[in-house]
Asks: 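This is the structure, below, for whatever I ask next.
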Amino acid sequence: MRATGLVIIVLSCLIPAYLFATLPDIADPVALFSQYLGTLALILMAWAQIMATRAPGIEALMGPMDKVYVLHKWSGIVAMTAILLHDTIDADMDGIGRETALTEIAETLGELSLYGLLVLVVISIATFIPYHLWRWTHKAMGGFFIAGAIHYLFILKPFANGSALGLYVGAICGLGVLAYAVTLLPPALRRSTGYQVSSLRKTGGATEITMTPTSRPLRFAPGQFAVFTFGSRGLTEPHPFSLSAPPAVDGTLQITVKALGDFTHRLGRDLTPGTPLRVQGPFGRFQRRTWANAAEIWVAGGIGITPFLAWAEALPDTLPAPVTLFWCVRSRDEAPQIERVEAAANRVDNLTLHILASDTGDRLTADRIAATANGPLKLWFCGPAGLRRALQSGLARHGISARDIHYEEFEFRTGIGLKRLAARIANRLKDRAAPSR
């Protein structure tokens, strides 16, 4: 995640804090703080809407899109916390005007926004909710954000909408509403590229989908991903997939999809050649870089092989320094694109492939990686978060810091870590309760 984007968001939240603090003749600072919390929530929700557009420049400002998704999630969570505090701390002030029918409507909209967002945020972080319902809750959040913006414009407050503070918050709300409108546009009206499915092929436990351009082809680098919206009934939900082949001269795109949920199961079963689709992207900064005096290690977990497959097929026949690819799979029979991965490893000198199948008891450990590198290393990872955390913890014991491990968020839709927190607390309590020897 780029520090630039985070700094801009923080500054955008601190500017109104300063303007609130300099308001004259405020007799109730507690109520003033509550009003600031309300504006803070609106600013963060506006940023969440802006990030949701996936507009050009977002990655340049805030970092890779997978990290932007994380920032988007936490912006919403902090905004919800600010709203709850705003509702708990009385924001009413004496002597700033008389309530009218319009202010009463604004108050009602504020309550509607509060409870609506509360329900939707809970649904959003509950990862067991089906994706299509989760997606629509995200769409509905924008409507409640608009209700909150109207609430802000017409409630009684100790400053005018035309003041510096009023114009500042109003402008950010306006940008948020505009961004929400952009997210509601159909894919054909957004910045995207037209493609058509040309072929499908089963490979291991996944489906290889090849697409040819119907307009100017997408330009991308190996390791990036795009968002695909298929024009087939029941498959129109936009989903991100890594591009599993390097750029082709004819503009062909390829993804490899494993049936991990309802949509991906239907995609492998119901998609047919000739289906039109729109592609947004490319996104992500998961692009290969090399460092002097450091071993280059690639670690893939299951379908996480896709960006590494694009990397490997884009490599020259000879590498100046060795690269080691560890691929953790359930079984060789279920490993997607295994023939292409092995062909790339056989073609490229200095690329060593290790396929670790858990059904044979072969598992990857941090000790094994450290022994392979035999010195400083840079590790690229794409796979389940649990495997990544286990390797990070183990490699730390070998003096390998988190800065040496580069990864892309394999699961864009995540909770807030409550399960891990509860597990840590339970383990701590269990350790304390254990009798000493």
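One is the number of the first residue; the rest follow in order along the sequence.
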Asks: Between T306 and S244, do the side chains contain an N or O donor and an N or O acceptor separated by less than 3.5 Å?
Replies: no
Asks: Verify whether one side chain among Q337 and T256 offers a donor that lies under 3.5 Å from an acceptor in the other.
Replies: yes
Asks: Applying salt bridge (Lys or Arg N to Asp or Glu O under 4.0 Å) as the test, list every pair that has at least one member in residues 18-28; sequence neighbours left out.
Replies: none
Asks: Any idea which heavy atoms bring F283 and A226 closest together, and the distance?
Replies: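 Answer, listing the atom of F283 first, then A226: CD1-CA, 4.4 Å.
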Asks: For P158 and Q35, work out which heavy atoms get closest and say how close.
Replies: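 Closest approach of P158 to Q35, heavy atoms only: CD-OE1, 3.2 Å.
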Asks: Check the pair R54, Q280 against side-chain hydrogen bond (donor to acceptor under 3.5 Å, both in side chains), reporting the backbone distance first and the verdict last.
Replies: CA-CA 9 Å; R54 300 191 292 268; Q280 287 181 279; 2.8 Å; yes
Asks: Determine whether the aromatic ring centres of H239 and F228 lie less than 6.0 Å apart.
Replies: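 No, the ring of H239 stays outside the 6.0 Å limit from the ring of F228, centre to centre.
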Asks: Looking at R269, I want to see if its CZ is surrounded by more than 12 non-hydrogen atoms of other residues, nucleotides or ligands under 6.0 Å.
Replies: yes
Asks: Kindly give the heavy-atom pair with the smallest separation between D87 and E111, and that separation in Å.
Replies: OD1-OE2, 3.6 Å
Asks: I want to check something: taking the side chain as every heavy atom from C-beta on, are Y195 and T252 in contact at a cut-off of under 4.5 Å?
Replies: no
Asks: Which pairs, with at least one residue in residues 291-301 and sequence neighbours excluded, count as a salt bridge (Lys or Arg N to Asp or Glu O under 4.0 Å)?
Replies: R288-E296
Asks: Hey, can you pull the donor-acceptor pairs under 3.5 Å for the side chains in residues 164-185, sequence neighbours left out?
Replies:
{"residue": "Y168", "atom": "OH", "partner": "S12", "partner atom": "O", "Å": "2.7"}
{"residue": "Y180", "atom": "OH", "partner": "K139", "partner atom": "O", "Å": "2.8"}
{"residue": "T183", "atom": "OG1", "partner": "Y180", "partner atom": "O", "Å": "2.6"}

Asks: Taking all atoms of both residues into account, what is the closest heavy-atom pair of Q49 and F145, and its distance?
Replies: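 Scanning both residues completely, I find the closest heavy atoms to be CG-CD2, 4.3 Å.
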Asks: Looking at F381, Y407, F308, F225, which one forms a ring-ring contact (aromatic ring centres under 6.0 Å, His included) with F286?
Replies: F308
Asks: Using a 3.5 Å distance criterion without hydrogens, assess whether the side chain of T88 forms a donor-acceptor pair with backbone atoms of L84.
Replies: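 Side chain of T88 to backbone of L84: a pair is present.
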